[in-house]
Number of protein chains: 2
Amino acid sequence: MPAQRPRGVSIQDVARAAGVSRQTVSNAINAPHKLRADTLERVTALIEEMGYRPDQSARSLRSGTRRVIAYTTPETDPDNPNALMSGFLEAMVAAAGEAGYRILLVRPRPGQSKARALEDVIAARTADAILLSDVLEDDPCVDYLHETGFPFAVFGRTRPGMPQAWVDVDSAQAMIDMVGLLTSHGHRRVAYLGTSAALPWLRHREAGFRIGMRRFGLVGHEAFVDGLDEVMAVTRDLLNRSPRPTALVLDDDWLAPGAYAAAQAEGLTVGVDLAVTGFNDMPYTRLLQPALTTVRLPLRRIADALVSRLLQSVEEGTPPEAGLLLAGDPVLRASMTTVA
Amino acid sequence: MPAQRPRGVSIQDVARAAGVSRQTVSNAINAPHKLRADTLERVTALIEEMGYRPDQSARSLRSGTRRVIAYTTPETDPDNPNALMSGFLEAMVAAAGEAGYRILLVRPRPGQSKARALEDVIAARTADAILLSDVLEDDPCVDYLHETGFPFAVFGRTRPGMPQAWVDVDSAQAMIDMVGLLTSHGHRRVAYLGTSAALPWLRHREAGFRIGMRRFGLVGHEAFVDGLDEVMAVTRDLLNRSPRPTALVLDDDWLAPGAYAAAQAEGLTVGVDLAVTGFNDMPYTRLLQPALTTVRLPLRRIADALVSRLLQSVEEGTPPEAGLLLAGDPVLRASMTTVA
DNA sequence: CTAGGTCCTGTGAACGTTCATATCATGCGC
DNA sequence: GCGCATGATATGAACGTTCACAGGACCTAG
């Protein structure tokens, strides 16, 4: 038998203690301007003293608002761990917190689809809005949320027919900028090592690289790996193509340790004979020797934008008109080199 | 003015449609055995068809149970990013989910103490239980939760006077085992590179290393670094002490990239001339060249144990009698060497 | 002194569920 | 056929809050 946990201080208790009505106490919290200064002070003092906080469930039931954002955590692939998630969540918790919202982590039960898990969240009125990340081009979750009209936002992008409630990094531009950065350091022969997974953001980076190469008139090759094991071999091969590259652009930081080792195996010293750049600014990139030049995602700005879009959808009932692209910040570290 | 979101299907709607009472619908969900087979079938079919889910707030308000575990996310120090958090959270979400609970992320508002944030959670009846991690020896949060008697559990350890509702990795034993592993690979001279931060788990690892060294009769030196910048210099110095070590034990994976570079600077090849071991099995350790031998934390078992302890506290009202130490799994990778 | 406004505060109802309990039907033994 | 137990379903109340509105105090102008 579950132990009966004593209920806490209720609004009625405070009202009685203060000699006012429930509504007055409620107003002290939700609409302080409606109270006379002395009453307000007396009531708030008592609220503080008695440790009263409105019961979240009761408040939600009555007002219909939960002050909760549900986030469906993406399944992490052990082969390509989403080390980003930690930082992204951190930023989201902070941004949501400042707006008075909390993040609830939701995961489909075993055998349950992600869309079904969202259906539960909506039907059980667990959250006011839903946050998605790592969505694919034709993600069924987006379609489902679009149909229901439930407020949501996406870290990533949604396709044209869908609500444009998304915020993303301008990966293509960041790559163009990275090529520009290499150009300004004298590089002319730049190779690209990518991941072959069919993820939209990887394709954006690839496209950006190509645009940058054309724009700055550089030459180079591209190669793609399918898993960790291939990194060494493919990178060594890439470094041996002619013209031999002076810089190696990676589409993700996770390729860096392998690339460093491949360079060393080829007798090249990263940061001296070869420049290497990454993408994402994962925590460990600063630990590498030499530290990796990469693109930092503006996680806090992304989170702020997502929260403001979510709140707009919740409060006004209309999703944002257009997506928002935020610039990535290139971080120059020791893996960059200058070519005479 | 906030748009009025239409309320969803209520228990009354289903009851009317099925021609039964509210209570019967409620029983179909919460106590199916109380219904006659045909009624149950009819009602559940209708529940499914109408997409009815009990309103979480109403249910919580009435029953007093939220099915939510609050987790106060530790502040991540940018200098020592807690890459572990991602994996731990993942495991917690999964473990809690299987028990029908969800994880709510809570963070103190700016200028608010962590204990105060917990007070809010408890007073507002936002969660049934609280999960803490990264607690220090005399963490005020633990004292506070102890006083209030609110159900909680800790990833880490609590000091003797406190409720022993904790689960932790037996870091000391893992270090002893690691020294044993090195011994079995023929190592006799082993150096220890630690982090000087005053964190309990680091001290457990250090103590374990010393016990292991004594037990296996090995010799070696210890050195500690205070920040990233010192790793190179301190490691090189350590490698030059006499007797020159054949293995280097790190107290955390994050030291590995620097240690690798230091070894290289000393003309040593990790995985050939020098064995290096880490702790935590962070995602990037597999990417290093050579891949790092390290200690994997049994995150899923930790999460399961934490959830079962939390539920015990919630349902029976009494915290567990004693803490639980789980063994870490040594992961043998290419950074290990064999000494003749 | 009173009408009419402006604040401020109080009261009943409602949100959707589950608890406690009542009612009803059914089956069984005698 | 009757009393009684058993199991299935229904009813009223309660959880703690906020909404909508009613009421009261106070002030000012006529």
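Nothing here was measured: the structure is a model prediction, and the numbers come from that model. Note that these values count all heavy atoms, side chains included, but never hydrogens, waters or copies made by symmetry. We name chains A, B, ... by the order of the sequence lines, and we start the count at 1 in each one.
Side chain of A:N27, nearest nucleotide from D:dT18, C:dT9, C:dT17: C:dT9. When the nucleotides C:dT17, D:dT9, D:dT17 are ranked by their closest atom to the side chain of B:T24, D:dT9 comes out on top. Closest to the B:A58 side chain, of the nucleotides C:dT9, D:dT9, C:dG16, is C:dG16. Comparing C:dT9, C:dT18, D:dT17 by their nearest atom to the side chain of A:S21 picks out C:dT9. The side chain of B:Q23 lies closest to D:dT11 when the candidates are D:dG16, D:dT11, C:dT9.
One atom, CD1 of A:I11, and another, P of C:dA14, lie 19 Å apart when rounded to the nearest Å. To the nearest angstrom, P of C:dG16 lies 18 Å from CZ of B:R66. Atom CG of B:L61 is separated from atom P of D:dT17 by 9 Å (rounded to the nearest Å). A straight line from CD of B:E41 to P of D:dT9 spans 13 Å, rounded to a whole angstrom. In this structure, the CG atom of B:L40 is 11 Å from the P atom of D:dA8, given to the nearest Å. Protein atom CG of B:N30 is 15 Å distant from nucleotide atom P of D:dT9, rounded to whole Å. Atom CG of B:D38 and atom P of D:dG7 are 17 Å apart (whole Å). Distance B:Q12 CD to D:dT9 P: 17 Å, rounded to the nearest Å.
Residue A:S57 has no polar side-chain atom (N or O) positioned under 4.0 Å from OP1 or OP2 of D:dT17. In this model, the phosphate group of D:dT18 is approached by a side-chain N or O of A:S26 to a distance below 4.0 Å at OP1 or OP2. Between C:dT18 and B:R59, a contact under 4.0 Å exists linking OP1 or OP2 to a side-chain N or O. Checking the phosphate oxygens (OP1, OP2) of D:dT9, a side-chain nitrogen or oxygen of B:T39 falls inside 4.0 Å.
Put simply, the side chain of A:E316 does not reach to within 4.5 Å of the side chain of A:L311, judged on heavy atoms. Between A:D168 and A:L326, every side-chain heavy-atom pair lies at or beyond the 4.5 Å cut-off. Looking only at side-chain heavy atoms (C-beta outward), A:D138 and A:R159 come within less than 4.5 Å of each other.
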Go through the steps for A:D304 and A:R300 under the test salt bridge (charged side-chain N to carboxylate O under 4.0 Å, His left out), then give the verdict.
-> CA-CA 6 Å; A:D304 284 336; A:R300 190 47 211 266; 3.2 Å; yes
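Side chain to side chain, A:S60 and A:S57 fail the donor-acceptor criterion of an N or O pair below 3.5 Å.
With hydrogens and angles left out, the side chain of A:R22 and the base of C:dG12 share a donor-acceptor pair within 3.5 Å. Side-chain to base pairing of A:R62 with D:dT18: one donor and one acceptor N or O lie within less than 3.5 Å of each other.
Nearest-nucleotide assignment on DNA chain D puts the 5′-proximal partner with A:I29, out of A:R36 and A:I29.
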